[in-house]
Amino acid sequence: MAGLLNHFAVTEEQLDLNALLAGITRDSTGAAAIFTGMVRGRSSRPGFPAETNYLEYEAYVPMAEEKMRQVAGEIRERWPDVEGIAIVQRIGVLYPRTPTVLIACTAAHRDTGVFEAARYGIDRLKQIVPIWKKEVGPGGAEWIQGDHRPSPGVD
Amino acid sequence: MAGLLNHFAVTEEQLDLNALLAGITRDSTGAAAIFTGMVRGRSSRPGFPAETNYLEYEAYVPMAEEKMRQVAGEIRERWPDVEGIAIVQRIGVLYPRTPTVLIACTAAHRDTGVFEAARYGIDRLKQIVPIWKKEVGPGGAEWIQGDHRPSPGVD
Amino acid sequence: MKIKLLFFATLRDAAGGRALDFELKPEATVGELLERLGETHPRLAPHLESSLVSVNKEYAPAETVLSEGDEVALFPPVSGG
Amino acid sequence: MKIKLLFFATLRDAAGGRALDFELKPEATVGELLERLGETHPRLAPHLESSLVSVNKEYAPAETVLSEGDEVALFPPVSGG
């Protein structure tokens, strides 16, 4: 699959959206859909911590980057007009308002599925990419546990 | 509508996605969907210039910023969980691969309609915000004309 | 009465300039403005039928009644993004 | 045979460390590994049933047969993003 514009990373560095976008842009590119997640400092949704001081992320880095590659492959299968895909997770101690994750998909035009592709990317990342976060708030520290059990051979 | 995180601009400056995102992030924000458009240097889609040297944008700036505000109002009506909205159009001479426009919507969670809201935003911008571009390619210069005729009172 | 005219994109090219102060009879409508403009600026005439019109930064139909000092802009369908 | 065990998140806390070299009989399965681990590391036992297992960076079911030098990771359902 030479020539595919892919960028997968687990990093402790700040996410630079400008650079990440430029990295998956080529001459034929006319549109990008980007998702970013941020640390919520407070939440009113039931089941979520009302107040968070910070999150601490860890990852099984080589497997995470492999699984990001798999997610990108699934995206290309479903939306073959997607040109570039960046999937980046920041790890370490991250404070409220900080972008923690980015999924960006580029294509020639916006009607190619780029929005759906980015949405699919973040949904799949949260299912199968081995990353975990511990929430530290006024009540102490707690690992946040996902609810997806991957099916070997499928996930 | 005090306290709404809105940012509307027509600018000749480079779009800084990091700063624009930070500007519409607050403590309760956990997700952002961002659309950017770029100048295509080449295209294989019928009806689009095969090769473009650059685009030259102009805008009726005060009306454009008013119409951006209107688009944001329409977004908030449809997706009331959206927290922040940034709509920015860059004008002037812009070369291939350059981001020209950004629509970003933030919310507490990604299932709040942020993706649909960003998509709606760019669709509406291309219908009603008074901005025009001239395409300059090997064959000369040509104004690109839209196909939407706004309905006064609605658009 | 006097209104301020603005032209953008193809309309600016045809008008040969971006702005114009224009004299109209009181309570003239947008439709009457366009008719008058076609007479005084024949190079604009072929563009007027398909052009969009805003009055004070709001899209305005032909029957809109104009007032002294209004800012009226003429331009083709938009193509931003 | 020897395999390399890795622990993450809650499993790392329970294991008291991130990595462990572990001795197993040849051709042991993932299921047998978990059973053995529960015996040798009782603090891990309560976590093993709900934990996910990867072998050489791929999710692996209990019946997967292990080989000398495999990298086996144990961790809870993921929560990145």
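Numbers restart at 1 for each chain; the letters A, B, ... are given by sequence-line order, proteins then strands. Given the structure is predicted, the values throughout are model-derived calculations rather than measurements.
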CD of B:Q70 to CD of C:E58, rounded to nearest 0.5 Å, is 6.0 Å
Is it true that, when you exclude C:D21 itself, more than 12 heavy atoms of the residues, nucleotides or ligands shown sit nearer than 6.0 Å to its CG?
yes
Is the number of heavy atoms from other residues, nucleotides or ligands within 6.0 Å of CZ (B:R97) greater than 12?
yes
Please determine whether side-chain contact (heavy atoms from CB on, under 4.5 Å) holds for the pair C:V78 and B:Q127, giving the CA-CA distance in whole Å, both sets of side-chain angles, and the decisive distance to 0.1 Å.
CA-CA 6 Å; C:V78 308; B:Q127 288 182 333; 5.7 Å; no
Heavy-atom closest pair, residues C:S79 and B:G146
CB-N, 3.9 Å
Counting heavy-atom pairs under 4.5 Å with chain C, which one of B:Q89, B:H148, B:K134 comes out on top?
B:Q89
With a 4.5 angstrom heavy-atom cut-off, which part of B:Y57 approaches chain C: side chain, backbone, both or neither?
side chain
Greatest number of non-hydrogen atom pairs under 4.5 angstrom with chain B, of C:L6, C:V53, C:L52, falls to C:L52
Above 12 or not: heavy atoms from other molecules or residues under 6.0 Å from CD of C:E68?
yes
More than 12 non-hydrogen atoms from neighbouring residues, nucleotides or ligands closer than 6.0 Å to CD on C:E27, yes or no?
no
Could you check whether any side-chain heavy atom of C:R12 comes within less than 4.5 Å of a side-chain heavy atom of B:W132, counting everything from C-beta outward?
no
Please name the pair of heavy atoms, one in C:G80 and one in B:K133, separated by the smallest distance, quoted to 0.1 Å.
O-NZ, 3.4 Å
Of all heavy-atom pairs between B:I122 and C:G81, which one has the smallest distance, and what is that distance?
CD1-CA, 4.4 Å
Please say whether more than 12 non-hydrogen atoms of neighbouring residues, nucleotides or ligands are located less than 6.0 Å from CD in B:Q14.
no
Could you check whether any side-chain heavy atom of C:Y59 comes within less than 4.5 Å of a side-chain heavy atom of B:R149, counting everything from C-beta outward?
no
Less than 4.5 Å to any heavy atom of chain C: does that hold for the side chain of B:I128, its backbone, both, or neither?
both
Measure C:D13 against the heavy atoms of chain B and call it side chain, backbone, both or neither at under 4.5 Å.
side chain
Give a yes or no on whether C:F22 atom CZ has more than 12 heavy-atom contacts from other residues, nucleotides or ligands under 6.0 Å away.
yes
Heavy atoms from other residues, nucleotides or ligands near CD of C:E49 exceed 12 (cutoff 6.0 Å)
no
Are B:P130 and C:F8 close enough that some pair of their side-chain heavy atoms sits under 4.5 Å apart?
no
If I take atom OG from residue C:S54 and atom CD from residue B:E66, how far apart are they, to the nearest 0.5 angstrom?
11.5 Å
Is it the case that the side chain of B:E58 and the backbone of C:A9 share a donor-acceptor pair, with hydrogens and angles ignored and the cut-off at 3.5 Å?
yes
If we define contacts as heavy-atom pairs under 4.5 Å, which of B:A59, B:G37, B:A64 has the most with chain C?
B:A59
